[in-house]
There are 2 protein chains.
Amino acid sequence: MPDTETFDLQDFLPYLLNEAADATSLEFQRYYKDRYGMLRTEWRVLFHLGHYGMMTAKQISDSARIHKTKISRAVAALEEKRFVQRERDEVDRRIENLWLSKTGQAAFRDLSAQAAQYDQIFMAKVPEADREALRRCLRVIADIQTPVSRPTPR
Amino acid sequence: MPDTETFDLQDFLPYLLNEAADATSLEFQRYYKDRYGMLRTEWRVLFHLGHYGMMTAKQISDSARIHKTKISRAVAALEEKRFVQRERDEVDRRIENLWLSKTGQAAFRDLSAQAAQYDQIFMAKVPEADREALRRCLRVIADIQTPVSRPTPR
DNA sequence: TGTTGTTAGTTACAAAACCAACTAATACGC
DNA sequence: GCGTATTAGTTGGTTTTGTAACTAACAACA
């Protein structure tokens with residue numbers, strides 16, 4: 001229980017979370033960077049399109065809680081790499097519909113598999129009994145509602 | 001248990017950790033930014049000096065796992081703000097000894113208190129029973145040894 | 001000693017993130 | 001319909017970060 005005078009940085013929740021986040025992200029980040037020249041936001045956008053199917057930039061922005069300028073640039077980069085295709089919506093011409101190309105889908109499958117593997121490596125470090133509790137705690141802290149009212153998968 | 005085809009981003013550990021880290025950092029970050037014009041690295045350096053007393057940039061870099069260039073810039077910024085003072089070591093003239101000024105100490109006390117408060121706010125969200133387990137899990141994942149072999153406090 | 005290697009810390013340049021202002025299209029109220 | 005507000009998405013300029021090369025001081029060992 002952190003106390004003003006005595007508490008250690010190592011007990012401070014934001015610090016622990018940031019360190020843990022960095023630790024778990026590092027190797028995976030290197031993978032998609034080296035392999036596909038992707039940035040973190042690009043991977044997240046790719047993941048959303050791979051997982052949920054066709055979406056607009058706005059929907060991804062809301063779902064992933066990433067600012068629209070970052071989405072915009074990530075989409076441009078992914079298009080440049082031929083992972084993503086887009087087309088302006090016929091009905092509402094402000095909107096652009098985004099989806100993965102074949103190449104993008106292949107990258108998505110590869111990266112998902114990789115992600116699942118890294119996930120297991122890190123989860124293996126925490127005691128079996130604590131695993132579900134850990135995810136639950138993190139969801140509560142991050143204020144993420146359990147996957148329900150989200151864009152329909154596929 | 002994330003599976004290649006079906007797992008949701010919301011189950012993926014790095015994602016959860018990053019979201020949780022962002023959530024817990026945001027308000028506190030705003031506080032030290034608005035109040036003292038500090039960046040995250042500056043707060044961490046300030047914290048180390050406040051908590052452990054006089055240190056060198058290298059020691060902070062090792063302890064906080066922050067690259068030396070970031071430390072260098074943070075120290076320069078903190079010195080500019082009159083929070084930190086430095087003096088070249090008499091014996092080993094490569095080294096600079098760093099310590100907090102009175103103003104720096106006051107900021108440290110304020111920010112520590114604030115940090116402890118934010119910590120409690122977020123910890124309150126997780127069930128009493130899970131709290132110690134959560135910190136333990138995070139330390140394991142971040143590969144942080146429990147505070148033992150560190151620079152002597154004070 | 002003096003040559004080579006290592007360590008502490010800074011600087012410079014490129015990559016990325018942040019924020020604010022912008023365009024183009026739609027919705028809303030009358 | 002017409003003026004105003006709102007929404008989707010992009011662009012530009014400034015901060016921050018990341019990376020590599022640099023300086024200065026010490027260490028090690030022939």
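Computation of the quantities below employed the complete heavy-atom set of this structure, encompassing side-chain atoms and omitting hydrogens, waters and symmetry-equivalent molecules. We name chains A, B, ... by the order of the sequence lines, and we start the count at 1 in each one.
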Among the nucleotides [options], which one has an atom lying closest to any side-chain atom of [X]?
X	options	value
A:Leu39	D:dC26, C:dA8, C:dA16	C:dA16
A:Arg94	C:dT26, C:dG9, D:dA25	C:dT26
B:Thr69	D:dA20, D:dT10, D:dT17	D:dA20
A:Glu96	C:dG9, C:dT26, D:dT10	D:dT10

Would you mind classifying the nucleic acid contact of [X] as base, sugar-phosphate or nothing, using non-hydrogen atoms under 4.0 angstrom?
X	result
A:Thr56	sugar-phosphate
A:Arg86	sugar-phosphate
B:Arg88	nothing
A:Ile71	nothing

Q | B:Lys68 vs B:Glu96, salt bridge (charged side-chain N to carboxylate O under 4.0 Å, His left out): CA-CA, chis, key distance, verdict | A | CA-CA 13 Å; B:Lys68 59 183 182 172; B:Glu96 284 190 336; over 6 Å; no
Atom [atom1] of [X] and atom [atom2] of [N]: how far apart are they, to the nearest Å?
X	N	atom1	atom2	result
A:Asp22	D:dG18	CG	P	9 Å
A:Met38	C:dA16	CE	C1'	17 Å
A:Asp89	C:dT26	CG	P	9 Å
B:His67	D:dT16	NE2	C1'	15 Å
A:Glu80	D:dT10	CD	C1'	16 Å
A:Arg44	C:dA16	CZ	P	16 Å
B:Arg30	C:dC18	CZ	C1'	14 Å

Q: Find out if a path of hydrophobic residues (ILVMFWY) with successive side-chain heavy-atom gaps under 4.5 Å connects B:Val140 to B:Ile144.
A: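 Cluster IDs for B:Val140 and B:Ile144 differ.
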Q. If each of A:Lys33 and A:Lys58 is mapped to the nucleotide of DNA chain D with the nearest heavy atom, which maps nearer the 5' terminus, i.e. the 5' end?
A.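 Its nearest nucleotide lies further toward 5', so the answer is A:Lys58.
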Q: Would you kindly compare A:Ser72 and B:Lys68 by the position of their nearest DNA chain D nucleotide and give the one closer to the 5′ end?
A: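 Here A:Ser72 is the residue nearer the 5' end.
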Q.
By the definition side-chain hydrogen bond (donor to acceptor under 3.5 Å, both in side chains), identify the one residue from B:Lys58, B:Gln59, B:Arg65 that meets it with B:Asp62.
A.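 Single pass found, and it is B:Lys58.
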Q) Hey, what's the ring geometry for A:Trp43 with A:Phe47, parallel, tilted or perpendicular (30° and 60° as the breaks)? A)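 Perpendicular, since the angle between the ring planes exceeds 60°.
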**Q.** Lys/Arg N to Asp/Glu carboxylate O, A:Arg139 vs B:Asp11, below 4.0 Å
**A.**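 Counted as a salt bridge, because a side-chain N and a carboxylate O are separated by less than 4.0 Å.
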Q. Between A:Val91 and B:Ile95, who's closer to the 5' end of DNA chain C by nearest nucleotide?
A.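 Result of the comparison: B:Ile95.
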(Q) Looking at the base of D:dG18, is there any donor atom on it, or on the side chain of B:Arg73, that sits under 3.5 Å from an acceptor on the other one? (A)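 Counting by modelled atom types and ignoring angles, a donor-acceptor contact under 3.5 Å is found here.
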